[in-house]
Amino acid sequence: MTQSSSQVRRTFLEFFRSRGHEVIASAPLVPPNDPTLMFTNAGMVQFKDLFTGKEHRPYRRATSSQKCIRISGKHNDLENVGVTARHHTFFEMLGNFSFGDYFKEEAIVSAWELLTKVYGLPEDRLVVTVFGGDNSQGLAPDMEARALWKRVTQFPDERIIDMGMKDNFWQMGDTGPCGPCTEIHFFNGGDVDVSKFHDEPTSDGLGWTELWNLVFMQFERSQGADGAYKLEPLPKPCVDTGAGLERVSSVLQGKTSNYETDLLRALVDLASRLSGKPYTASQADDDVSMRVLADHARTTAFLIAEGVFPEKSAREYVLRRVMRRAIRHGHRLGIKKPFLHELTLQVVALMGDEYPELVQRKELIATVAEQEEVRFRETLDRGLKMLDEAMVLAKPTGIIEGEAAFKLTTPTGFHSI
Ligand code: SER
């Protein structure tokens, strides 16, 4: 069953192309003309105005593999990155979209067919969730989705699980198109246990993991002059789905961690070589750091390729923070000289075929990464020296006095790490 991530991506796009979908290239990570979003955080972002009816295109069905970043705003995964088997700052989202064309039935039937017949996932390792309604918003449970799943999967009721607003009502940000969703989850590990559905997967990825989210776009949320949010129906119901390429590849490659897939393992291995330490795929600090490096190198390479450079404000600040986090983890792994550029070059080697902008800006990516690291290592060394001095003065209480603590947070110290 093992399929490379390139095959997984191609199979997804081909499947929907054969069902009348236009294959659309990934939009940039920096959404053009959208001040509500810092980064593209889902496949639907480039189609936002098609859902709301503000824009029309010659096609009413589309499919894409979209590069995404989730670091800031509503969908923020930063603190989980490297710790869990499945969170990333950068990832690719496979999706199919209907702009007022098909709705719940075709979305559900197609998703099930692709997962179980084409990719060949075992049905007994899957469960689905549906929106269970929310009284405070005046939203009813999605009985239609439940009935469709029952027909398509023949699952008993307990394998079609009701979930609330937080999990099964999707919105891009505080405003924009939104709607109830239904998700498909996969059980990693030994005997399938549906009663464990609400437990978080273990840090090494055992348990239930969401694979695919099918959103039934029915509303637009907007903010009135009084500051209150309201939900209004869209002109036509639409479909927006998203499946993380890393997660689908992981399952199809028989792994429990995305970091074991062909998308990320080579980066982890390079981090291991650079640090001279073995990678043992555990929760040990060194292993977490190597996974952070693998993840953050992808975000760094892709953002620089789009002309975002590490600076002090807005998106540039977010990139700088990610780069400095990576450098700090590299530092704690004992890597003595600049390394981040080497990881970014590995990203180019791994993903350049799919994303030619990486190859075109290869030198720029490496140069910007190295320059930032040289600069930041000086800050880090200075900050660590200040910390050492402050610790000496703090003896024997171990408490750093206010002034010294303040200095550590200034631009000469550790701020913005
Ligand atoms: N927009 C939805 C999500 O991000 C489905 O693509 O999960």
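Worth knowing before you read on, the calculation uses all heavy atoms, side chains too, and leaves out hydrogens, waters and symmetry mates. Fair warning: this is a prediction, and the values are worked out from it, not measured in the lab. In listed order, ligands and their atoms are each counted from 1.
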Query - Result of checking V359, V347, I304, T300 against I365 for side-chain contact (heavy atoms from CB on, under 4.5 Å) - result: I304
Query raised in the report: Which ligand 1 atoms does N213 reach within 4.0 Å, using its non-hydrogen atoms?
Result: 2 (C), 3 (C), 5 (C), 7 (O)
Query raised in the report: If we only count N/O pairs under 3.5 Å, is G242 in contact with ligand 1?
Result: yes
Report task. Could you tell me whether T241 approaches ligand 1 through its side chain, its backbone, both or neither, with non-hydrogen atoms closer than 4.0 Å? Result -> backbone
Query raised in the report: Between D287 and S282, do the side chains contain an N or O donor and an N or O acceptor separated by less than 3.5 Å?
Result: yes
Query - Atoms in ligand 1 with a heavy atom of D240 nearer than 4.0 Å - result: 1 (N), 2 (C), 5 (C), 6 (O)
Report task. Decide whether T153 and W112 meet the rule of one side-chain donor and one side-chain acceptor closer than 3.5 Å. Result -> no
**Report entry** Between R377 and H331, a side-chain donor and acceptor under 3.5 Å
**Finding:** no
Query raised in the report: Near M44, which atoms of ligand 1 are under 4.0 Å from a heavy atom of that residue?
Result: 1 (N)
Query - Per-residue contact class, Q171 against ligand 1 - non-hydrogen pairs under 4.0 Å - result: neither
Query raised in the report: Is there a salt bridge (charged side-chain N to carboxylate O under 4.0 Å, His left out) between E200 and R86 once you walk through the steps?
Result: CA-CA 12 Å; E200 279 289 303; R86 64 189 203 289; 3.3 Å; yes
Query raised in the report: R70 near ligand 1, heavy-atom distance under 4.0 Å?
Result: yes
Query raised in the report: What are the atoms of ligand 1, with element, lying closer than 4.0 Å to any heavy atom of A42?
Result: 1 (N), 4 (O)
Requested in this report: Determine whether the side chains of T89 and T299 contain a donor N or O and an acceptor N or O closer than 3.5 Å.
Outcome: yes
Query - Side-chain donor-acceptor pair present, R291, Y279, cut-off under 3.5 Å - result: yes
Query raised in the report: Heavy-atom contacts under 4.0 Å between V215 and ligand 1: side chain, backbone, both, or neither?
Result: side chain
